Each structure stands twice: as structure tokens, then as C-alpha cells.
Amino acid sequence: MPCYLHQNSNWLQNVSAVIAKECLFFRYIVRIITNFISIKIKNKNMKSNKNVIIPLVLIPFWYIMYVNLQPVTDWLIDTVLGMTKGSHLTEALRFFIFEFPKVLMLLVLIIFFVGILRSYFTAERTRKALEGRKTFTGNIMASMLGIVTPFCSCSAIPLFLGFVESGVPLGVTFSFLIAAPMINEVAVILLYGLFGWKVAAIYIGTGLTIAITAGWIIGKLKLEHWVEDWVYATKLGEGEGEEGKITFSQRIRMGYDAVKDIVGKVWLYVALGILVGAGAHGYVPAEFMASFMGKDVWYAVPLSVLFGIPLYSNAAGIVPIVSVLIEKGASLGTALAFMMSVIALSLPEMIILRKVLKLPLILTFIAIVGGGIMIVGFLFNWIF
């Protein structure tokens, strides 16, 4: 027993040091919580403030768990399991045990706040905001709204019909349909957690550029005759109308619901993606990926896009794999091009959109977006 305590004393000291270092931070958090509660109790009853108080109490616990993930992982692998450092199995397991909870924790925190933000952006409000918008200005607004508006492939047709029936130009509608699935909060969170804020910012910037430019080009080509005839004859009525006033406590409840819904749907994809990434991290030689996805391979970008278009995966499944591709020698531009093609040009969404779009328009859409993704891939391979 004393020997075991001695072996683990360094880790315990490190954890204690981190906790001590953050004491001042927690003192301020507790003071804010105390002041907040005392003010709110005077104005409203405790039951209505429960949704607001709980996240303020839980955030410090989230923080201390997050900053200690790496030392806990190393202690578990090296001391508790006693695995050999540097072996393929050890490093693969270390990758999975560290990355899986790290990504889930980031998802929970940021999706909670994005869920609150999204309570201000319903599909009906988005549709009304884009009514009467002309090209380019409308493309920019549609792309920005696509980031914060709830969207999935199953909602592609209702949104498309609603936009067209409201008089939203075809190109503006496509800017929204490109940006919404590609620049979603799951992709941004995963990229930030695995690569850092610079790569996440690059992805957001290039994704917006593709959405705006592709939508603008489609608008200029005047391809409305390639929309199915029944679409323009459809009348959806006035829609859901403007919802009643929502309290901030209710918006926080929407944040809880967003976490439950989105994390509940994607956690398995995250686990599978990180599991595949862990295997590649531990066993795939760096030279293998560099041989056909490196920046010096001229055909790497178009091959990655062509390979990615027919595949289907959401961001939760593809980002962990992309992180390992880069680690093993794939260039940043090639990896981002592969990821964008998988997410933005998913086969299920193309099949669903076939119900409202004629095949020539779908092929034009794939060609324009795919071409934009390849330009991004070549550009970043050249820069980096």
C-alpha cells in the first residue's frame, strides 16, 4: 500500500497543483453564482431559475475535469495498466481514452450554448429574413444563417420548398443548403478540439466562401428551369407563424434539449471515428499516407474529393479520421478537401434533393461545390 501511494504521489501532486492554481478562478465563479442567485430570488421564485443556476454550478466541474484529462489518461495507461510506452497498442489506446471524453465534453458545452443561440433562429424566421434578398447580399446572409439554423438532410425539402415559395432566389437557397450541413457546430467543435482554433477558423472561412460563391454562381446561371415543375406550384401557406415570447429560462431548457438530442445522435459516430483514428494513430506508418495524400502528390486533392463525394458520414465520424490522416502525413489542404466533400456533398442529401431538383441541376451543384472544394485544397497545400 505505501509503495503504491509512493508511485502515484507525483500524479496526485500534479492534480493538486492544478486545483490550487485554479482556486482563484473558482472563487470568482462562486462569487458570481452567489450574487446571481441572490438577485434572482428577489425577482422570481427558485423553481423558474433552476435552469439558469444549474449550468453556472456545473461549469467549474466541467473545467477541472477538462484540464486534467491528459494527466488522468497518462496515469491510467502508464501506472494503473502498466502498459509499455511507445508500443502500437499503448499509443492507440492512449489516443482513444484521451480524445473520446475530450471531444464529448466540448460537444456538451458548446452545443448547450449553440442551442440557446438557435432558439432565436427558427426556420420560419430564417425564411422571412431571406425573402426578397437579391444575389450576393442574399448569398452572404443565407450562408451566415445556415450556420446557426437547425438543419439536417431530412429537412432539406421542406426548407427548399419554403424558400422558393417565399420568393427566395435559387442561388440564395443553395448558399443556405451548402452552409447549413457543412459549417455546423459539431464540425467546428471537433476541429477545434483536435486541431486548434486556427484550423477551425480556416474551415469556417473556406466553408463560407464556398457556400457564398457556389450559390452566387448557381444564381447567375439562371437554372430555375431545372427545378421540378411541381415545386413552383406548391403553396405552403403562412408557415408556423411567429412564436410567443420565450423566457431566458426556457431558452436554457432548449440548450439542454439540444445537448440531449445532438449528443445522443452523434456520440456513437464520435466513438467509431476516434476508434478508427486510434487504430491509424498506433499502427499506420506516416510514410503510407504521405505517399498518396501528401502535398507533393498533384492528384491528391481531386482524388480525395472524388472519393469523398459518394461516401456518407457526418462531421462526428469523419473529423477524428481526418486528424489522424494529417498526423500520418496527409497535407492539410487534401484532408480538408476530403472532409468537406464527405459532409457537404453527402449521397443521402443528393437523393432527397432529387425529389425537388432535376438531375442536371444536382450534377451542376456537385460540380460547382466540388470545384470550389478542390480550389480550397490546392490553395492550402500551396500555403502550408
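Fair warning: this is a prediction, and the values are worked out from it, not measured in the lab. Worth knowing before you read on, the calculation uses all heavy atoms, side chains too, and leaves out hydrogens, waters and symmetry mates.
A donor-acceptor contact shorter than 3.5 Å links the side chain of Tyr203 to the backbone of Met182. Checked by atom type and distance alone, the side chain of Asn139 pairs as donor or acceptor with a backbone atom of Gly171 at under 3.5 Å. Between the side chain of Arg253 and the backbone N or O of Tyr256, no donor-acceptor pair lies under 3.5 Å.
Annotation: side chain of Phe338 is in contact with side chain of Val322 (closest heavy-atom distance under 4.5 Å). Residues Met340 and Val369 have side chains not in contact (no heavy-atom distance under 4.5 Å, counting atoms from C-beta outward). Looking at heavy atoms from C-beta onward, Leu361 lies in side-chain contact with Leu170 at the 4.5 angstrom threshold. The side-chain heavy atoms of Met105 and Leu69, taken from C-beta on, include a pair separated by under 4.5 Å. At least one side-chain heavy atom of Ile362 sits less than 4.5 Å from a side-chain heavy atom of Arg354. Residues Gln70 and Asp74 are in side-chain contact: their nearest non-hydrogen atoms beyond the backbone lie under 4.5 Å apart. Within the 4.5 Å cutoff, no side-chain heavy atoms of Lys358 are placed close to those of Val227.
To the nearest 0.5 Å, atoms OG1 (Thr206) and CG (Leu336) are separated by 6.5 Å. One finds the CG atom of Asp78 at 9.5 Å from the CE atom of Met83 (value rounded to the nearest 0.5 Å). Annotation: the span from Ile204 atom CD1 to Tyr192 atom OH amounts to 12.0 Å, rounded to 0.5 Å. Rounding to the nearest 0.5 Å gives a distance of 8.0 Å between CE of Met144 and CD1 of Ile212. Taken from CG in Asn381 to OG in Ser331, the straight-line distance is 3.5 Å, to the nearest 0.5 Å. Taking CZ of Phe112 as the start and CD1 of Ile116 as the end, the distance is 4.0 Å to the nearest 0.5 Å.
Linking ILVMFWY residues whenever their side-chain heavy atoms come closer than 4.5 Å, directly or via other members, leaves Phe174 and Ile375 in distinct clusters. There is no path of hydrophobic side-chain contacts, each under 4.5 Å, that joins Leu306 to Val376. No continuous path of ILVMFWY side-chain contacts below 4.5 Å connects Ile218 to Leu363, so the two sit in separate hydrophobic clusters. Under the 4.5 Å side-chain heavy-atom criterion for ILVMFWY residues, a single connected hydrophobic cluster contains both Phe98 and Trp62.
Across every non-hydrogen atom of Gly294 and Ala300, the tightest pair is O-CB, 4.0 Å. Val305 approaches Met374 most closely through the heavy-atom pair CG2-CG, 3.6 Å. Heavy atoms only, all atoms of each residue included: Ile326 and Ala335 are closest at CG1-CB, 3.5 Å. The shortest heavy-atom contact between Ser175 and Trp216 is OG-N, 4.4 Å. Across all non-hydrogen atoms, the minimal contact from Phe96 to Pro101 is O-CD, 4.0 Å.
Around OH of Tyr66, the count of heavy atoms belonging to other residues, nucleotides or ligands within 6.0 Å exceeds 12.
Using a 4.0 Å cut-off between a side-chain N of Lys or Arg and a carboxylate O of Asp or Glu, Glu99 and Arg94 do not qualify as a salt bridge.
Side chain to side chain, Thr84 and Ser87 fail the donor-acceptor criterion of an N or O pair below 3.5 Å.
Screening Leu177, Leu357, Leu223, Leu345 for a side-chain contact (heavy atoms from CB on, under 4.5 Å) involving Phe365 leaves a single residue, Leu345.
Aromatic ring centres of Phe378 and Trp382: separated by at least 6.0 Å.
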Determine, stepwise, if the pair Ile368 / Leu221 fulfils side chain to side chain contact (heavy atoms under 4.5 Å, CB included). CA-CA 11 Å; Ile368 293 173; Leu221 291 176; 4.2 Å; yes

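A search for side-chain contact (heavy atoms from CB on, under 4.5 Å) contacts involving Ile97 returns Thr73, Leu76, Ile77, Leu93, not counting sequence neighbours.
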